[in-house]
Amino acid sequence: MAMSSNKGGGVFADINITPLTDIFLVLLIIFMVTTAVTIESAAHVDLPKAEAPTSPTDKPKGIIVTYTADHLIYLNDKQVTEPELVPQLHDALANSTDKIVIFQGDPKVILGDMVRILDMAKSAGAEAIAIAVSSLPPGGVGGGAPGGGA
């Protein structure tokens, strides 16, 4: 607190708020940075890219579970709800010779959702789980600069 004398002979007190403002600005910057880091660190699934093109006549062996960005679940092109997934997947695996579940997920799928669905598939009796990949664009590498740069 700064003290200065007034012409009238009395004491006049000024409050210096500059250090308080500096502290608030530093705290604001810290909160902005930590918020940006926590938002950026949300886990998303980056599906691998296929290197060899597959022929369109190759039908994958196993049961296909698709999870869209709209949180819809499809079991072999039939829409199911999450509670229906395990019983219907169990029936499909019982009728199949290959006990393989192929997961097709949108690139915007959150990792936690993918793990939950794969856990359901394992509990339904899947012996193996495969993750479907999207094909590469012409030119090879998955987006970005030629030669492997992202």
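Please read all numbers here as calculations on a predicted model, not as lab measurements.
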**Item:** Ile131-Leu75 co-clustered via ILVMFWY side chain contacts under 4.5 Å
**Value:** yes
**Message:** Can you list everything that forms a side-chain contact (heavy atoms from CB on, under 4.5 Å) with Asp22? Sequence neighbours excluded, please.
**Reply:** Thr18
**Message:** For the CG atom of Asp98 and the CD1 atom of Ile100, what is their distance to the nearest 0.5 Å?
**Reply:** 5.0 Å
**Item:** Whether Ser96 side chain and Ala92 backbone form a donor-acceptor pair below 3.5 Å
**Value:** no
**Prompt:** Do the non-hydrogen side-chain atoms of Ile64 and Phe103 ever get within less than 4.5 Å of each other?
**Reply:** no
**Asked** So if you build clusters from Ile, Leu, Val, Met, Phe, Trp, Tyr with side-chain heavy-atom gaps below 4.5 Å, do Tyr74 and Leu89 land together?
**Response** no
**Asked** Do you know the tightest heavy-atom contact between Leu93 and Gly125?
**Response** CD1-C, 3.6 Å
**Asked** Quick one: side-chain contact (heavy atoms from CB on, under 4.5 Å) partners of Ile73, sequence neighbours excluded?
**Response** Val65, Tyr67, Val80, Glu82, Leu85, Ile117
**Message:** List the residues meeting side-chain hydrogen bond (donor to acceptor under 3.5 Å, both in side chains) with Glu84, not counting sequence neighbours, and say none if there are none.
**Reply:** Thr81
**Message:** Just so I know, are the side chains of Ile63 and Asn76 near enough to count as touching, which here means a heavy-atom distance under 4.5 Å?
**Reply:** yes
**Asked** Should we count CD1 of Ile17 as having more than 12 external heavy atoms under 6.0 Å?
**Response** no
**Minimum heavy-atom distance between Ala126 and Val101, given as atom pair plus value** = CB-CG2, 3.5 Å
**Item:** Check: Thr35 side chain, Met32 main-chain N or O, donor-acceptor pair, under 3.5 Å
**Value:** no
**Message:** What verdict does the salt bridge (Lys or Arg N to Asp or Glu O under 4.0 Å) test give for Asp113 and Arg116, after you've listed the backbone C-alpha separation in whole Å, the side-chain angles of each residue and the deciding distance to 0.1 Å?
**Reply:** CA-CA 5 Å; Asp113 294 338; Arg116 189 179 71 249; 3.0 Å; yes
